[in-house]
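Residue numbering restarts at 1 for every chain, and letters A, B, ... go by the order of the sequence lines.
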Amino acid sequence: MSQYNFKSIEQKWQAQWIKDDLYRVEEDESKPKFYSLDMFPYPSGAGLHVGHPLGYIASDIVSRYKRLNGHNVLHPMGYDAFGLPAEQYAIQTGQHPAITTEANVKRFREQLDRIGFSYDWTREVKTCEPKYYHWTQWIFSRLFEHYYNKDEHKAKSIQSLIDVFEREGNNAIHAHTSQEELFTADQWISFDERNKSDVLNRYRLAFVDETTVNWCEEMGTVLANEEVVNGLSERGGYPVIRKQMRQWSLRITAYADRLLEGLNTLDWTDSIKEIQRNWIGKSEGAEIEFKSTDGNLNFSVFTTRPDTVFGATFMVLAPEYEGLENLCSAEQKEEAVHYANAARNRSEIERMASTEKTGVYTGRSVINPFTNKEIPVWVSDYVLGGYGTGAIMAVPAHDDRDFEFARAFDLSIIPVVKPLQGELPEKLEEAFSAKEGIAINSAELNGMHVKEAVEKAIALIELKGIGSKKINYKLRDAGFGRQRYWGEPIPIIYNENGIPTLESNLPLELPKVESYKPAGTGQSPLAAVSDWVNTSKGTRETDTMPGWAGSSWYFLRYMDSNNSEGIASPEKLNYWNQVDLYLGGSEHATGHLLYSRFWTKFLHDIGIISWDEPFKKLVNQGMIGGEDGQKMSKRWGNVVNPDDICDAYGADTLRLYEMFLGPLTDSKPWNTQGIEGVSRFLAKFWRLFHQGEAFNIDEAAASKEELKILHKTIKKVSHDIENMSFNTSVSAFMVATNELGNLKCTKREILEPLLILLAPFAPHITEELWILCSKDSSVHTADWPMHEEHYLVESSFNYPISINGKTRTNMEFPLDADRADMEKEILANETVQKWMEGKSPKKVIIVPGRIVNVVI
RNA sequence: GCCCAGGUGGCGGAAUUGGUAGACGCGCAAGACUUAAAAUCUUGUUUCCAUUGGAAGUACGAGUUCGAUUCUCGUCCUGGGCACCA
């Protein structure tokens with residue numbers, strides 16, 4: 001066989017590796033472990049295009065490299081199999097989503113198999129299988145049974161909370177809770193079942209709540225914040241409105257601070273960390289109470305600028321403000337309530353479209369506790385109900401939004417901060433919202449810089465007993481119920497008193513239904529299955545879990561994917577531990593990546609795992625665009641199918657080319673023409689091992705030059721893989737092959753190590769050549785070669801000689817040449833003389849092994 | 001508007017701590033082999049001026065330095081994220 005016949009080679013070795021179970025991995029204490037993970041795909045009907053395997057190829061190269069370096073590598077793959085497309089297809093066709101999903105999985109598997117990945121498929125997971133979602137439901141159940149203790153900074157059992165309530169009520173307990181009323185032990189004991197359940201619900205990490213949700217009428221379901229883009233549903237682009245609904249939620253806000261702190265320990269890109277930081281949105285400030293003269297009204301507001309309190313000339317309440325209708329004056333009540341109702345029901349789109357400030361006066365006033373002046377209370381939709389206290393003190397002189405509002409309704413504007421340099425204009429044309437400045441018109445704060453004034457203001461607020469320092473987060477609790485069929489049933493039964501209790505018999509399987517259409521009433525299709533809903537213990541919850549439930553812990557399941565006793569055995573969890581390298585797209589920054597961190601921290605708290613961050617290192621691969629520069633999609637007709645590339649060029653060429661295209665993390669366009677380059681390279685590489693028709697390598701000793709080529713390649717490729725710089729390793733292979741080809745090198749001493757180096761990138765061709773080298777075991781079980789520096793060191797260097805920083809000539813000197821001798825010789829050089837034009841040099845800079853610069 | 005990342009040939013891109021800008025590949029041009037094509041090989045290919053040889057050049061403008069794609073400041077542009085979060 002003289003021609004490189006990739007087709008037969010690739011088929012042969014893929015079959016052989018399956019037969020040999022080559023990629024099967026077991027726990028092995030004698031080797032260091034390495035866990036390399038790809039974000040598992042949603043098996044869509046469209047199949048894979050060449051953009052999908054980019055990250056898979058990169059992580060496969062790292063996995064193979066680590067194996068060759070003596071690591072025990074866990075490199076699994078699976079499917080995120082619950083989701084909307086299969087369900088929508090079911091609604092249209094009546095086809096059960098499980099059937100479509102299975103067909104899609106089969107197709108994905110065929111496509112993946114052709115590319116020659118080293119996955120241990122015995123560990124495959126599919127989130128839609130009962131043996132998998134058994135444990136998704138189990139984790140939900142544990143969340144239901146725990147609350148967050150702020151003193152211990154961890155989740156604790158609800159039973160331990162009940163014990164405290166029975167002993168001493170809830171006064172002393174420091175929990176993350178929406179429970180505001182205090183009760184004593186006696187009161188707790190006297191509560192009825194309903195009352196107790198309601199109180200505990202306010203502590204549980206999985207809880208039901210009447211909340212404002214993103215309701216999508218078209219899809220008949222609630223969406224999570226990240227499933228809403230610009231007021232439209234991410235899938236389908238349907239309008240989304242805000243609606244009050246009873247909803248299961250997870251108390252992720254309890255973990256806000258730990259989620260923020262944990263980021264500092266992770267090897268992730270700054271941009272992803274920054275996105276999560278902004279999403280969590282921590283801000284420090286103060287809560288201040290404002291009261292009416294008669295004491296009947298009492299509002300708490302949150303502000304990050306307590307130093308501007310002297311400039312608070314009015315107050316604004318959110319339309320959602322609780323008890324709004326009862327606090328308005330008789331004359332204003334109708335108008336204000338009408339406004340608030342209208343504002344509450346506006347869709348996100350309408351809300352965002354309006355830039356004009358609107359609002360209504362409540363007819364009431366409160367006293368600014370610092371100026372002692374009466375200030376009016378307004379209601380406006382620019383204040384958000386879900387953030388802070390839902391009420392603000394408005395400081396129009398120093399906040400753009402308050403300024404606009406004051407302008408619109410002719411409210412007074414009093415400046416209380418001036419710039420560090422200069423003065424404020426006589427009449428403000430815009431708010432002075434800089435975070436630096438000097439306090440004015442603010443009594444004892446006058447003359448202080450903002451930072452100092454903030455501290456002082458908080459001290460005064462605390463002294464007056466009207467508030468305290470406070471930290472707020474933008475992060476909201478995560479809605480966890482979907483009115484959908486194709487998801488994990490929430491394992492909750494409401495007993496005869498309507499009290500939620502856990503289903504004890506897991507997995508709670510998804511029943512068959514007649515129709516997959518949501519009822520549109522806010523209930524899932526499961527509500528129609530009466531013999532499933534009605535049990536001897538009560539009625540079942542009919543909502544299912546959101547798409548991110550199953551993906552929040554799948555990386556743990558791979559460790560022990562068939563375990564029926566728990567999510568995985570403690571030994572295996574402990575052995576494989578954190579994911580060492582996680583590869584996937586950056587689009588999951590605020591969804592999957594945040595929820596996985598949350599669940600990991602929770603599982604850590606309840607003692608299931610010993611670490612509390614799931615992914616040590618995260619790398620986001622870029623997108624591969626179409627050849628026309630647009631996004632690769634059916635819509636533009638620019639989709640390139642990896643199967644076609646495998647047919648025409650082979651899997652090894654596809655793998656090399658995807659890596660050669662550019663840096664892994666960059667987005668770049670696909671170019672089928674460019675693939676010829678790596679295709680030629682592999683053919684050339686093949687020819688290195690052949691003489692005409694015959695395979696040909698010999699045992700002669702390698703020359704110094706050949707050894708240098710080999711060792712510089714070992715050094716470069718090892719370094720590049722460690723740094724995820726795969727495009728430059730491919731070019732290093734090309735350089736080595738060109739150079740060895742020019743030398744007509746046929747030596748085993750050189751070519752065999754080269755095969756091992758290339759094996760992670762091009763596993764098939766290297767295996768074939770390896771076996772032709774008369775080896776009796778796979779190249780993928782060989783030992784990675786070590787580079788020896790002494791082959792690389794030179795005795796002399798061809799110095800670029802520059803005059804005033806511009807290179808003019810080159811001169812060869814031994815590396816240990818004497819500086820003075822060098823200088824003498826350089827200055828005597830003809831070209832140097834010419835450029836010096838008879839002047840004498842001011843300075844001669846000699847950097848050994850680098851450069852010479854003559855300054856004149 | 002705010003926050004992050006990035007701007008290098010016709011194209012994808014390269015340049016370990018500041019040290020010969022354009023590696024490697026695509027494309028293009030010319031040539032060898034061939035009846036021809038494919039395959040393969042050789043040579044050239046940043047721009048401008050030119051006879052040897054020069055000049056400019058890493059988005060733009062400044063600065064630090066013997067020396068800047070690399071460091072600092074400002075401006076412009078592109079991509080991504082957030083978006084009335086007080």
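- What separates CG of A:Asn727 from P of B:C11 is a distance of 18 Å, to the nearest Å.
- A:His588 and A:His592 have perpendicular rings, their planes meeting at more than 60° on a 0 to 90° scale where under 30° would count as parallel.
- Between B:A21 and B:C73, the distance separating the two C1' atoms is 24 Å to the nearest Å.
- Comparing the C1' positions of B:U72 and B:G79 gives a spacing of 25 Å, expressed to the nearest Å.
- Comparing B:C24, B:C26, B:C41 by their nearest atom to the side chain of A:Arg687 picks out B:C41.
- Side chain to side chain, A:Asp477 and A:Thr253 meet the donor-acceptor criterion of an N or O pair below 3.5 Å.
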List the steps and the verdict of side-chain hydrogen bond (donor to acceptor under 3.5 Å, both in side chains) for A:Thr746 and A:Asn696.
-> CA-CA 7 Å; A:Thr746 52; A:Asn696 174 51; 4.8 Å; no
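- Distance from the side chain of A:Asp399 is smallest for B:A86 among the nucleotides B:C24, B:U20, B:A86.
- In this structure B:G9 sits in the syn conformation; its chi angle is within 90° of 0.
- Atom P of nucleotide B:C84 and atom CG of A:Leu317 are separated by 19 Å, given to the nearest angstrom.
- Between A:Leu583 and A:Leu664, some side-chain heavy-atom pair lies under the 4.5 Å cut-off.
- Between the CD atom of A:Glu676 and the P atom of B:C28 there is a distance of 11 Å, given to the nearest Å.
- At whole-Å resolution of the value, CG in A:Asp381 and C1' in B:A83 are 15 Å apart.
- As rounded to whole Å, 13 Å separates atom P of B:A14 from atom CG of A:Asn723.
- B:C60 and B:C77: their C1' atoms are spaced 10 Å apart (whole Å).
- Taking only side-chain atoms of A:Ser271, from C-beta outward, the nucleotide of B:A86, B:U20, B:C4 with the closest atom is B:C4.
- Closest approach to the A:Gln673 side chain among B:C26, B:A86, B:C24 is made by B:C26 (side chain taken as heavy atoms from C-beta onward).
- Dashed line: the shortest gap from a side-chain N or O of A:Tyr382 to OP1 or OP2 of B:A86 is not under 4.0 Å.
- Shown here are the ring pair (Phe, Tyr, Trp, His ring centres under 6.0 Å) partners of A:His711, two or more places apart in sequence or in another chain: A:Tyr791.
- Residue contacts shown for A:Ile392 include a base, since a base heavy atom lies under 4.0 Å away.
- To the nearest 0.5 Å, the span separating OG1 on A:Thr303 from CG on A:Asp399 amounts to 8.5 Å.
- Backbone-only engagement by A:Lys668 is indicated by non-hydrogen atom pairs under 4.0 Å involving sugar-phosphate atoms exclusively.
- Remark: the separation of the P atoms in B:A23 and B:U16 is 15 Å, to the nearest Å.
- B:A5 is paired with B:U78 under the criterion used here, namely a Watson-Crick or G-U wobble arrangement in which both key atom distances are under 3.5 Å.
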Per-nucleotide protein contact along nucleotides 45-78 of chain B, 5' to 3', at a 4.0 Å heavy-atom cut-off (B base, S sugar-phosphate only, - neither), is ---------SSS---------BS-----------
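- With a 6.0 Å cutoff to the six-membered ring centre and a 45° limit on the axis angle, A:Lys357 does not count as a cation-pi contact of A:Phe409.
- Closest contact between the side chain of A:Glu274 and the listed nucleotides B:A14, B:G12, B:C4 involves B:C4.
- Distance from the side chain of A:Ile851 is smallest for B:U20 among the nucleotides B:G13, B:A86, B:U20.
- Between A:Tyr321 and A:Thr362, the side chains place no donor N or O within less than 3.5 Å of an acceptor N or O (distance only, hydrogens not considered).
- Using Watson-Crick or G-U wobble geometry with both donor-acceptor distances under 3.5 Å, B:A83 finds no partner in any strand shown.
- Comparing the C1' positions of B:U58 and B:C82 gives an interatomic distance of 32 Å, to the nearest angstrom.
- If you find the closest nucleotide of RNA chain B to A:Phe797 and to A:His719, the one lying nearer the 5' end belongs to A:His719.
- A donor-acceptor contact closer than 3.5 angstrom is absent between the side chains of A:Asn278 and A:Lys474.
- Relative to the side chain of A:Arg680, the nucleotides B:G19, B:G27, B:U16 differ in distance, and B:G27 lies closest.
- Distance, A:Asp400 CG to B:G1 P: 12 Å, rounded to whole Å.
- The partner of B:U16, taking Watson-Crick or G-U wobble pairs whose two distances both stay under 3.5 Å, does not exist in any strand shown.
- Nearest-nucleotide positions on RNA chain B for A:Gly281 and A:Ser667 put A:Ser667 closer to the 5' end.
- Using a 4.0 Å heavy-atom criterion, one finds that A:Lys716 contacts no nucleic acid atom at all.
- Comparing B:C24 with B:U78, their C1' atoms sit 26 Å apart, to the nearest whole Å.
- Using P as the reference atom, B:U42 and B:C48 are 28 Å apart when rounded to the nearest Å.
- Partner assigned to B:U47 is B:A55, using Watson-Crick or G-U wobble distances below 3.5 angstrom.
- The OH atom of A:Tyr255 sits 13.0 Å away from atom CG of A:Leu475, with the distance rounded to the nearest 0.5 Å.
- A:Glu430 places its CD atom 20 Å from the P atom of B:C84, with the value rounded to the nearest Å.
- The interatomic distance linking A:Glu627 (CD) with B:G10 (C1') rounds to 16 Å, in whole Å.
- Nearest nucleotide to the side chain of A:Asn738, out of B:G25, B:A14, B:U16: B:G25.
- Here the separation of B:G31 from B:U20, taken at their C1' atoms, is 31 Å to the nearest Å.
- Listed pair A:Ser586 / B:G80 fails the phosphate criterion, with no side-chain N or O lying under 4.0 Å from OP1 or OP2.
- If you check B:U70 for Watson-Crick or wobble pairing at under 3.5 angstrom, you find it has no partner at all.
- Checking B:U42 for Watson-Crick or G-U wobble geometry (two distances, each under 3.5 Å) identifies B:A30 as its partner.
- With sequence neighbours left out, A:Trp670 forms a ring pair (Phe, Tyr, Trp, His ring centres under 6.0 Å) with A:Tyr657.
- B:A23 makes up no base pair with any nucleotide shown, lacking Watson-Crick or G-U wobble contacts both under 3.5 Å.
- Here A:Ser802 lies out of heavy-atom contact (under 4.0 Å) with every strand.
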